[in-house]
There are 2 protein chains.
Amino acid sequence: MPRATIDDVAGLAGVSIKTVSRVVNNEPNVRQSTREKVLGAVRALNYRPSAPARSLAGDRSYLLGLLYDNPSANYITDVQYGVLASCREQGYDLLIHPCDCQQAGICEEITGLVGHSNMDGVLLTPPLSDSRIIVDALERAQIPFVSIAALQTGRRAAGVVTDDRRAAFSMTEHLLSLGHSRIGFICGHPQHRAMAQRLEGYRDALQAAGLAVADSLVVQGYNSFESGQAGARRLLQRKKPPSAIFAGNDDMAAGAVMVAHQMGIRMPAELSIAGFDDIPLARQIWPTLTTVQQPIKAMAQAATQLLIGILRAAPRTDIEAVIPSRLIVRESTAVAG
Amino acid sequence: MPRATIDDVAGLAGVSIKTVSRVVNNEPNVRQSTREKVLGAVRALNYRPSAPARSLAGDRSYLLGLLYDNPSANYITDVQYGVLASCREQGYDLLIHPCDCQQAGICEEITGLVGHSNMDGVLLTPPLSDSRIIVDALERAQIPFVSIAALQTGRRAAGVVTDDRRAAFSMTEHLLSLGHSRIGFICGHPQHRAMAQRLEGYRDALQAAGLAVADSLVVQGYNSFESGQAGARRLLQRKKPPSAIFAGNDDMAAGAVMVAHQMGIRMPAELSIAGFDDIPLARQIWPTLTTVQQPIKAMAQAATQLLIGILRAAPRTDIEAVIPSRLIVRESTAVAG
DNA sequence: AACCCAATTGACAGCGCTGTCAATTGGGTT
DNA sequence: AACCCAATTGACAGCGCTGTCAATTGGGTT
């Protein structure tokens, strides 16, 4: 049997299609008895509104986009999970779009994608959320968006963040409390604002402890496992290597762990390593990683709710929701040897 | 300026909207000169057909769904990547839908999802592809689908697989050639056909080498890291533990590696461990995993192409494309000590 | 009882395409 | 030159909804 349409429901309930539409969309000003009659017919016919018809008539698609940069694979799974949870709850569907942040014409690609699938709005993850040209392009094209990341300064937009700086501060304190005074730091990608915040938190804690921030103990990474390996190698080959390494994310920390294994350095006895994010990998390598549990799913959910709210109501802007993260101590950190 | 419609293009090109439609959809029987005139207007106006309007009028949505079971996170990233690549190429969008295979009412949930978003077809990954009730439901609802997995026996359907049995055979041979004669095996989920194939390959190789398949060396796992840990613990606590462990996938192999670390067993000197899939994790743990590189992205791409082909042409069924996989030897396997 | 006005309901156009089928075109054939 | 027929083009309905605005309802008020 073919799918029931709004006309079928209206016929069975003995009302006009407009009234069915009102009930289905939870609009006000429908008598309770009428609402029940319609809902009965909806159930009887197993009616589900046609998404394209709604979309065409109502000029909104109930479709959100999730844009992300390719390599961030480990992190994005959790983001997807959170976003989908909120989408389903609210009757939205989700299109995912990995894209290459660096690529020429990325802005046209993104606005093209959004236009073609006519999404109602998009969710942005770092590093896309940190790109001025991409955010500019979205604003110019008047595409509603929410960042799952810190807002760019001076931007009228909405975002959901965690307290990166404070969490990095706590992690550094943790290492200091274990007696480490030479703590290496592997920075994340220089263009990711969250990564800059984490470096700040590290610096703050050292200063608060009265220690100098040695340039030789801070190396540049690029968020990837491989860049973590490279960074750790540089740190561990110094004349006076650090007794602890704090990496800007878990992927890089895992790379550092790998290098330590290869160099025959025992962890945590001879070297403590800490990460940030608490991706599944943090529990799957040995020693398991002490890290900062970032509530990625919760952040993604909150961002999605925010976006849907913006789509429904008048655009509220300048919103930055902060969801706190917490320290998880596992096997990779211990008292300095 | 508002988005250009088919009428705008028709007006500018001086033809009817039907002709524009023909050109845009690459239909035959349009004079070359007309086609060029229309394409010129399309470019001039930056015209992009409205997805919902097409969908409503043409009764197809250019939307595919990718269904997968929640926990398979590590594997699904690659699948998504491959599927998306093919989708973009062909002008399709992708909706992703994690779902819980075990949950009551899963069939209604799936057909509901597909109906609501009115997808043209769906891609199935294991274990969904191995569930008779789910595949039955899709067939009953006449939803076109392709499995990124072996077909269920006796089923008229299409799927893309790799040569699981032969690859497992090769891996076992590899371990045998290193002098291991007591090789433990951690099975994958009993309801995943691919996992059963891998066990068969392991058995084949032992038999081919004239060795008995000891029941005590085969333990049941459930694909997860944790189940790999449990399985490895059981194997290594035997009076005569194996000198090598072959796990049905990399997640379980990684779990085994973790257990060996915790028990103070040196790898690969005292214990060789091998996995299957070559997920990123295989390179991120220490020692790096010897494994079977499954061409997941290629399989996903092939499956997507197959599905789109089926949607376009008359439904071809009974197709099983086989994409070969290959052995990757890393640090986790070595000559028996 | 007549009236009023907010609450409720419905008629109908129109969103931007594709499918159907009829009309037109134009080069080859007699 | 008249005709024919495949190739090409176009007219128009209709997909299933929502938005707009007008019509109706019905309880409170005078």
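Letters A, B, ... mirror the listed sequences (proteins, then strands); counts begin at 1. Keep in mind it's a predicted model, so treat the numbers as computed, not measured.
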Asker: With respect to the phosphate group of D:dT8, does any side-chain polar atom (N or O) of B:Asn29 fall under 4.0 Å of OP1 or OP2?
Answerer: yes
Asker: Please check this pair: side chain of B:Thr111 against backbone of B:Cys107, looking for a donor-acceptor N/O pair closer than 3.5 Å.
Answerer: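 Checking the backbone N and O of B:Cys107 against the side chain of B:Thr111, a donor-acceptor pair under 3.5 Å is found.
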Asker: Taking only N and O in the side chain of B:Asn25, is any of them less than 4.0 Å away from OP1 or OP2 of C:dT18?
Answerer: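 Yes, within the criterion.
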Asker: Where the side chain of B:Arg3 meets the backbone of B:Pro49, is there a donor-acceptor pair that is under 3.5 Å apart?
Answerer: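 Such a contact is found between B:Arg3 side chain and B:Pro49 backbone.
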Asker: Under 3.5 Å, side chain of A:Asp93 to main-chain N/O of A:Leu63, donor-acceptor pair present?
Answerer: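 Judged by distance alone, no pair lies under 3.5 Å.
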Asker: Indicate yes or no for a side-chain donor-acceptor contact from B:Ser147 to the backbone of B:Ala149 under 3.5 Å, with no hydrogens or angles considered.
Answerer: no
Asker: Please give, in whole Å, the distance from C:dG16 C1' to B:Asp59 CG?
Answerer: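 To the nearest whole Å, that distance equals 16 Å.
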Asker: Is the phosphate of D:dT18 approached by A:Tyr62 (side-chain N or O, under 4.0 Å from OP1 or OP2)?
Answerer: no
Asker: Can you measure A:Gln32 atom CD to C:dA7 atom P for me and round it to whole angstrom units?
Answerer: 16 Å
Asker: Can you tell me how far the CD1 atom of A:Ile296 sits from the CD atom of A:Gln301, to the nearest 0.5 Å?
Answerer: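 Interatomic distance, A:Ile296 CD1 to A:Gln301 CD, rounded to 0.5 Å: 13.0 Å.
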Asker: How close do A:Pro98 and B:Arg88 get, heavy atom to heavy atom, and via which atoms?
Answerer: O-NH2, 2.8 Å
Asker: Taking Watson-Crick and G-U wobble pairs with both distances under 3.5 Å, convert DNA chain D into its dot-bracket string, 5' to 3', dots for unpaired and | for cross-strand pairs.
Answerer: ||||||||||||||||||||||||||||||
Asker: Throw together a table of side-chain donor-acceptor distances under 3.5 angstrom for residues 27-39 of chain B, partners on residues two or more places apart or in other chains.
Answerer:
| unit_1 | atom_1 | unit_2 | atom_2 | d |
| --- | --- | --- | --- | --- |
| B:Gln32 | NE2 | B:Glu36 | OE2 | 2.9 |
| B:Arg35 | NH2 | B:Glu27 | O | 3.1 |

Asker: Distances under 3.5 Å between protein N/O atoms and the N/O atoms of nucleotides 25-28 of chain D, please, pair by pair.
Answerer:
none

Asker: Sequence neighbours left out, what pairs pass ring-ring contact (aromatic ring centres under 6.0 Å, His included) with at least one residue falling in residues 83-106 of chain A?
Answerer: A:Tyr62-A:Tyr92
Asker: What does the list of N/O pairs under 3.5 Å between the protein and nucleotides 10-15 of chain D look like, with a distance for each?
Answerer:
| unit_1 | atom_1 | unit_2 | atom_2 | d |
| --- | --- | --- | --- | --- |
| D:dG10 | OP2 | B:Ser16 | N | 3.0 |
| D:dG10 | OP2 | B:Ser16 | OG | 3.3 |
| D:dG10 | OP2 | B:Thr19 | OG1 | 2.8 |
| D:dG10 | N7 | B:Arg22 | NH1 | 3.3 |
| D:dG10 | O6 | B:Arg22 | NH2 | 2.6 |
| D:dC15 | O2 | B:Ala57 | N | 3.4 |

Asker: Looking only at the side chain of A:Ser50 (C-beta and beyond, no hydrogens), which of the listed nucleotides D:dC17, D:dT18, C:dT9 gets closest?
Answerer: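 Closest of the options to the side chain of A:Ser50: D:dC17.
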Asker: If only atom types and distance count, is the side chain of B:Thr162 paired as donor or acceptor with the main-chain N or O of B:Ile323 below 3.5 Å?
Answerer: yes
Asker: If you only use heavy atoms from C-beta on, which nucleotide in D:dA7, C:dT18, D:dC17 is closest to the side chain of B:Arg54?
Answerer: C:dT18
Asker: Find the distance B:Arg3:CZ to C:dC17:C1' and express it as a whole number of Å.
Answerer: 11 Å
Asker: Taking CZ from B:Arg35 and C1' from D:dA7, how many angstroms apart are they, rounded to a whole number?
Answerer: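 Rounded to whole Å, this separation is 13 Å.
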Asker: Could I get the full list of ring-ring contact (aromatic ring centres under 6.0 Å, His included) partners for B:His189, not counting sequence neighbours?
Answerer: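 Here the qualifying residues are B:His192, B:Tyr222.
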Asker: I want to verify a distance call: between D:dG19, D:dC17, C:dT18, whose nearest atom is closest to the B:Ser21 side chain?
Answerer: C:dT18
Asker: Just by modelled atom types, is the A:Gln294 backbone N or O under 3.5 Å from a matching donor or acceptor in the A:Ser325 side chain?
Answerer: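 A pair under 3.5 Å: no.
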